[in-house]
Amino acid sequence: MSRTQKILVIRFSSIGDIVLTTPVIRALHQQAGAEVHLLTKQSFAGVTGANPYISKVWAIQKKVGEVLPALRKERYTAIVDLHNNLRSRQVSLALWQTPCYRFDKLNFQKWLLTRWKINRMPDIHIVQRYLAAAQPLGISDDGMGLDHFIPLADQVNLAAAGLPKQYVAVVIGAAHATKRLPMELLVKLCQAISVPVLLMGGPDDQATAEAIAMRAGSHVV
C-alpha cells in the first residue's frame with residue numbers, strides 16, 4: 001500500500017505572495033490527495049490559518065532553525081519551495097532525503113527589467129509559474145483561482161457595520177510605494193465597478209481612501 005503524500009510548501013512572505021500560492025495548495029490536497037503543511041513567517045501565518053486544504057502551518061520568527069528539528073520528524077514525501085531563497089534552501093538541505101521542487105524566480109530577467117527596462121519576463125501569470133513548480137507531483141490548474149478563508153473570529157456582521165451584503169474589496173495599501181496603484185488608476189478602477197466597492201488598507205491609507213471615494217462615486221466606501 002502506497003504511503004499518503006505529505007508535502008511541505010514553503011513561502012515565507014508576503015501577504016499577496018502567500019495568497020498567490022493557494023491554487024497550488026488546493027491542487028496538492030484535492031488532486032494529489034496530499035496532507036499539506038505550509039512554512040511561513042509568524043507575521044503572515046494568519047493569512048492561511050483558516051485554509052481547509054492546509055493541515056498544519058509552521059511559522060518562524062527569523063530563522064528556519066526554529067522549526068527544523070520538528071520538520072525532520074514529519075518525514076515529508078516532497079517539498080515545494082515557492083520562495084527559493086537562501087532560507088528556504090536551508091530547509092531542503094536539512095531535509096536532504098526529501099525531493100524538492102523549486103519555483104524559478106527568474107532573477108536575471110527581473111534584474112534586466114528593473115535595471116535596464118529590458119522585458120524578458122515570460123507572458124505567464126505567477127500562479128501558473130507556481131503550479132509549474134509542483135507539476136511533477138501530478139497537479140494541474142483547476143481554474144478555480146485564489147483562496148482566502150476568513151476565520152470565524154474575524155468575520156464581520158455586515159448589516160451591523162452598515163456595509164452591503166455583496167461588494168468588491170479593493171486593497172489600496174502596500175508596504176512599498178512601487179506596489180501601490182496610483183490614485184488616478186484606483187479612481188478609474190472604482191468607477192468601472194458597478195457594485196459597491198469597499199476600500200481597504202491601514203490607518204495610513206485613510207486619507208487616500210477618502211479622496212478616492214469622493215471622486216469615484218457614492219458606491220465606494
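Note that the structure is predicted; figures quoted are calculated from it, not measured.
Taking all atoms of both residues into account, the shortest heavy-atom contact from Phe44 to Thr40 is CB-OG1, 4.1 Å. Of all the heavy atoms in Ile139 and Ala27, the pair that sits closest is CG2-O, 3.7 Å. The minimum heavy-atom distance linking Ser55 with Glu35 is given by the pair OG-CG, 3.3 Å. For the pair Ile18 and Ser13, the tightest heavy-atom approach, listed with the atom from each and the gap, is CD1-CA, 4.1 Å. Heavy-atom minimum distance, Leu199 versus Ala209: CD1-O, 3.4 Å. Summarising the geometry of Ala134 relative to Val24, their closest heavy-atom pair is CB-CG1, 4.0 Å, with the distance given to 0.1 Å.
Side-chain contact of Asn51 with Arg26: a donor-acceptor pair under 3.5 Å is absent, judged by distance alone.
The local environment of CD in Gln166 is sparse, with at most 12 non-hydrogen atoms from other residues, nucleotides or ligands closer than 6.0 Å. Counted within 6.0 Å of OH on Tyr167, heavy atoms from surrounding residues, nucleotides or ligands total 12 or fewer; the atom is thus considered open.
Side chains of Val197 and Val221 form no contact here, defined as non-hydrogen atoms less than 4.5 Å apart. The shortest distance between side-chain heavy atoms of Val80 and Ile10 does not fall below 4.5 Å. When side chains are defined from C-beta on, Thr77 counts as touching Ile7, because their heavy atoms get closer than 4.5 Å. Looking only at side-chain heavy atoms (C-beta outward), Lys63 and Arg87 stay at 4.5 Å or farther from each other. When side chains are defined from C-beta on, Thr22 does not count as touching Tyr53, because their heavy atoms never get closer than 4.5 Å. Two residues are said to be in side-chain contact when any heavy atoms from C-beta on lie closer than 4.5 Å; Phe149 and Asp147 meet this criterion. Proximity of Leu189 to Val170: side-chain heavy atoms (C-beta onward) are separated by under 4.5 Å at one or more points. Looking at heavy atoms from C-beta onward, Leu39 lies in side-chain contact with Val67 at the 4.5 angstrom threshold.
Distance CG/Leu82 to OG1/Thr21: 6.0 Å, rounded to 0.5 Å. Atoms CG and CD1, from Leu38 and Ile54 in turn, are 5.0 Å apart once rounded to the nearest 0.5 Å. Between atom CD of residue Gln109 and atom CD1 of residue Ile118 there is a gap of 12.0 Å, rounded to the nearest 0.5 Å. Atom-to-atom distance recorded for Ile15:CD1 and Thr48:OG1 is 11.0 Å, nearest 0.5 angstrom. Of the inter-residue distances, the one linking Gln90 atom CD with Leu86 atom CG reads 5.0 Å to the nearest 0.5 angstrom. Note that the CG atom of Leu146 and the NE2 atom of His148 stand 11.0 Å from one another [nearest 0.5 Å].
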Using the side chain to side chain contact (heavy atoms under 4.5 Å, CB included) rule, take Ile212 and Cys190 through it: C-alpha gap first, then chi angles, then the decisive distance, then the call. CA-CA 8 Å; Ile212 294 169; Cys190 292; 4.1 Å; yes

So Arg180 and Thr208, side-chain hydrogen bond (donor to acceptor under 3.5 Å, both in side chains) or not? Walk me through it. CA-CA 12 Å; Arg180 299 185 200 123; Thr208 301; over 6 Å; no

Kindly determine whether Val195 and His219 satisfy side chain to side chain contact (heavy atoms under 4.5 Å, CB included), including the steps that lead there. CA-CA 7 Å; Val195 299; His219 69 300; over 6 Å; no

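Remark: the backbone N or O of Lys62 is paired with a side-chain donor or acceptor of Glu66 at under 3.5 angstrom. For Asp154 (side chain) and Pro151 (main-chain N/O), no donor-acceptor pair under 3.5 Å exists by modelled atom type. Side-chain atoms of Lys6 come within 3.5 Å of backbone N or O of Glu74 as a donor-acceptor pair. With hydrogens and angles disregarded, a donor-acceptor distance shorter than 3.5 Å links the side chain of Gln31 to the backbone of Ser140.
A search for side-chain hydrogen bond (donor to acceptor under 3.5 Å, both in side chains) contacts involving Ser88 returns Asp81, Asn85, not counting sequence neighbours.
The pair Arg215-Glu184 meets the salt-bridge criterion, since a charged nitrogen lies less than 4.0 angstrom from a carboxylate oxygen.
Within the structure, the ring-ring contact (aromatic ring centres under 6.0 Å, His included) test picks out the following pairs touching residues 59-83 (sequence neighbours left out): Phe12-His83, His37-Tyr76.
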Cut-off 3.5 Å, no hydrogens considered: what does the side-chain donor-acceptor table look like for residues 120-132, sequence neighbours left out?
| residue | atom | partner | partner atom | Å |
| --- | --- | --- | --- | --- |
| His125 | ND1 | Val127 | N | 3.0 |
| Gln128 | NE2 | Asp141 | OD2 | 2.8 |
| Arg129 | NH2 | Asp104 | O | 2.9 |
| Tyr130 | OH | Arg11 | NH1 | 3.1 |

